[in-house]
Colleague: 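Just dropping this structure here.
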Amino acid sequence: MAAMVLATARLLLRGSGSWRRARLRSGAPPHRPFSSGGAYPNIPLSSPLPGVPEPVFATVDGQEKFETKVTMLDNGLRVASQNKFGQFCTVGILVNSGSRYEAKYLSGIAHFLEKLAFSSTDRFNSKDEILLTLEKHGGICDCQTSRDTTMYAVSADSKGLDTVVGLLADVVLHPRLTDEEIEMTRMAVQFELEDLDMRPDPEPLLTEMIHEAAYRENTVGLHRFCPTENIAKIDREVLHSYLRNYYTPDRMVLAGVGVEHEHLVECARKYLLGTRPAWGCERAVDVDRSVAQYTGGVVKLERDMSNVSLGPAPFPELTHIMIGLESCSFLEEDFIPFAVLNMMMGGGGSFSAGGPGKGMFTRLYLNVLNRHHWMYNATSYHHSYEDTGLLCVHASADPRQVREMVEILTKEFILMAGTVDVVELERAKTQLMSMLMMNLESRPVIFEDVGRQVLATRSRKLPHELCALIP
């Protein structure tokens, strides 16, 4: 053993000597200057360097870039578009329907319609046939439902606009809703409900519960997900009775981004004007026009997660709470200030990589997560609808510290009414502007924004234009 160690030591010595001799022969390595600020040692990063020419950036007329054009057809359907240059476009139909309109129906219809979207229609025998048609234009499709809006969207090559609009019209107005498709949807809904109960992330379930507590048995407080007892009760007749009242032209918007407005209107007249839907009636008979009534309340749920884990170690035993207060609708002038307040609260998980760009200077990080190591999460959310809104904070901690956690969050809500630091406010506004501008580079996000505005407000101003008006 000693010989082995000695041999190794000699080898190292020889190696180091040969390296030294090679270095002497070649000379010292040349000096490499680094841009460490040595040339400008006393200039802060916030000031421009002397002698460096001022950059000139390309400018685009904002009014032209973000202009929303709206045309109403004879049947009341509105066509909205924003022209954005590029090869692809996003086009879809937004319907003023959702779980908030199910007070007179079986709860869960909107959930079923979301799963049934892009199934067989009068023109297409199956979902596969629809997907093959879209693939010819490099397209994809999606359907999403919220509490007040159902959205059918397609992203595809702009040259296939006529095909895309015709397909969307057939999917929305002429679904077959066969027994086989409905049975498959029942299985999909059942699986989603079971998955919701087993997910380690409680945010979707907490959001459902906070709405249920805030708006007891009315409008946006109704169940967004189909209750288990209603899965077997929803059939083709129930779906048609709902579609008859809420899938009418006056409650629809055909929105497009990356298309010429005149071409989109032409396609809308071709496929969506004078078309008789599968349920046989184009006019609504009984529409729920209830206004959201904020009631307030408490909803509790206890779950055993000891047998649910992604690995050998079980999930930590945590208590999750969400505290919320009524805010405002997205039609009110206070909507943008509430959005800035939500950014100012910020928050996230106790483990988060990154610097200020990740929101590490927000109040829930500085005042909550950085000071109370036992808290796993503290995040702010803002939900806004046509006639109401909710500002919420979600937090997680050990069950033994629930009382202290609630007191800390309550204190943060009280501090919202206090003074706001100028730097803090400007940082929140800048973060909101940055997020909006990044979203404006995404056609699907612009499409959804345009459709929702026209569907509910007929407003032409975008949030990024209003953000600069905040005092």
Side-chain angles (χ1 to χ4, degrees), residues 98-100 102-103 106-108 110-111 146-148 189-231 292-310 314-327 342 345 347-350 364 368-369 372-385 388-414 416:
S99 58
R100 70 170 294 166
E102 296 176 356
L106 288 172
S107 181
H111 192 186
S146 64
R147 301 179 188 277
D148 56 358
V189 169
Q190 181 67 44
F191 174 81
E192 186 171 352
L193 294 178
E194 293 174 359
D195 178 68
L196 192 65
D197 287 333
M198 297 174 62
R199 288 179 62 177
D201 176 22
E203 194 271 328
L205 195 58
L206 284 172
T207 301
E208 181 81 2
M209 294 169 65
I210 196 73
H211 281 82
E212 182 182 348
Y215 305 92
R216 287 278 185 176
E217 300 179 355
N218 76 90
T219 58
V220 294
L222 300 177
H223 292 289
R224 181 174 173 267
F225 299 103
C226 180
T228 305
E229 62 270 16
N230 288 352
I231 293 178
Q293 302 294 324
Y294 182 84
T295 61
V298 178
V299 175
K300 299 179 182 180
L301 176 64
E302 186 173 346
R303 290 195 304 172
D304 182 12
M305 300 290 290
S306 60
N307 60 343
V308 179
S309 177
L310 299 177
F315 285 114
E317 184 180 358
L318 297 176
T319 294
H320 307 273
I321 65 169
M322 185 175 281
I323 302 176
L325 296 174
E326 186 181 23
S327 60
N342 182 52
M345 298 303 295
S350 58
L364 291 180
V368 178
L369 293 171
H372 307 283
H373 63 89
W374 44 267
M375 291 191 69
Y376 280 72
N377 178 71
T379 310
S380 176
Y381 298 93
H382 187 222
H383 306 279
S384 193
Y385 305 97
T388 188
L390 274 176
L391 181 66
C392 316
V393 175
H394 163 219
S396 306
D398 188 275
R400 293 168 295 184
Q401 294 172 300
V402 172
R403 181 182 180 86
E404 190 176 356
M405 177 169 57
V406 173
E407 290 176 352
I408 291 170
L409 294 186
T410 304
K411 180 181 177 181
E412 290 303 314
F413 272 104
I414 295 173
M416 288 181 189

Colleague: Distance from His223 atom NE2 to Glu217 atom CD, nearest 0.5 Å?
Modeller: 8.5 Å

Colleague: Keeping the roles fixed (side chain from Asp195, backbone from Leu193), state whether a donor-acceptor pair exists under 3.5 Å.
Modeller: no

Colleague: Is there a salt bridge (Lys or Arg N to Asp or Glu O under 4.0 Å) between Glu208 and Arg147 once you walk through the steps?
Modeller: CA-CA 10 Å; Glu208 181 81 2; Arg147 301 179 188 277; 3.2 Å; yes

Colleague: Among residues at least two apart in sequence or on other chains, which ones pass ring-ring contact (aromatic ring centres under 6.0 Å, His included) with His394?
Modeller: His320

Colleague: How far apart are the C-alpha atoms of His372 and Met405, what are their side-chain angles, what is the distance that settles it, and do they pass the side-chain contact (heavy atoms from CB on, under 4.5 Å) test?
Modeller: CA-CA 9 Å; His372 307 283; Met405 177 169 57; over 6 Å; no

Colleague: How many angstroms lie between CG in Leu409 and SG in Cys392, if you round to the nearest 0.5 Å?
Modeller: 11.5 Å

Colleague: Taking only residues two or more places apart in sequence, or in another chain, which ones meet Tyr381 in a ring-ring contact (aromatic ring centres under 6.0 Å, His included)?
Modeller: none

Colleague: Using the test side chain to side chain donor-acceptor pair (under 3.5 Å), find all partners of Asp398 that sit at least two apart in sequence or belong to another chain.
Modeller: Arg400

Colleague: Flag yes if more than 12 heavy atoms outside Glu317 fall under 6.0 Å of its CD atom; otherwise flag no.
Modeller: no

Colleague: Is there side-chain contact between Val220 and Asp148, with heavy atoms separated by less than 4.5 Å?
Modeller: no

Colleague: Are Leu391 and Met416 close enough, and set up right, to give a side-chain contact (heavy atoms from CB on, under 4.5 Å), and what steps lead you there?
Modeller: CA-CA 12 Å; Leu391 181 66; Met416 288 181 189; 3.9 Å; yes

Colleague: Just by modelled atom types, is the Leu390 backbone N or O under 3.5 Å from a matching donor or acceptor in the Ser327 side chain?
Modeller: yes

Colleague: Give, for atom NE2 of His383 and atom OG1 of Thr388, the distance between the pair rounded to the nearest 0.5 Å.
Modeller: 11.5 Å

Colleague: Using side chain to side chain donor-acceptor pair (under 3.5 Å) as the criterion, list what pairs up with Asn230, not counting sequence neighbours.
Modeller: none

Colleague: I want to check something: taking the side chain as every heavy atom from C-beta on, are Tyr215 and Glu326 in contact at a cut-off of under 4.5 Å?
Modeller: yes

Colleague: Run the numbers on Val393 and Glu412 for side-chain contact (heavy atoms from CB on, under 4.5 Å), then give the verdict.
Modeller: CA-CA 10 Å; Val393 175; Glu412 290 303 314; over 6 Å; no

Colleague: If we only count heavy atoms from C-beta on, is the Thr207 to Arg224 side-chain gap below 4.5 Å?
Modeller: no

Colleague: So, Glu102 side chain and Gly108 main chain: donor-acceptor pair closer than 3.5 Å or not?
Modeller: yes

Colleague: So, taking the atom named CZ in Arg100 and the one named CG in Leu222, what distance separates them when rounded to the nearest 0.5 Å?
Modeller: 9.0 Å

Colleague: Any salt bridge between Lys411 and Glu407, counting N to O under 4.0 Å?
Modeller: no

Colleague: With sequence neighbours left out, write down each residue that passes side-chain contact (heavy atoms from CB on, under 4.5 Å) with Thr319, or none if nothing qualifies.
Modeller: Ile321, Pro399, Val402

Colleague: Using the test ring-ring contact (aromatic ring centres under 6.0 Å, His included), find all partners of His111 that sit at least two apart in sequence or belong to another chain.
Modeller: Phe225

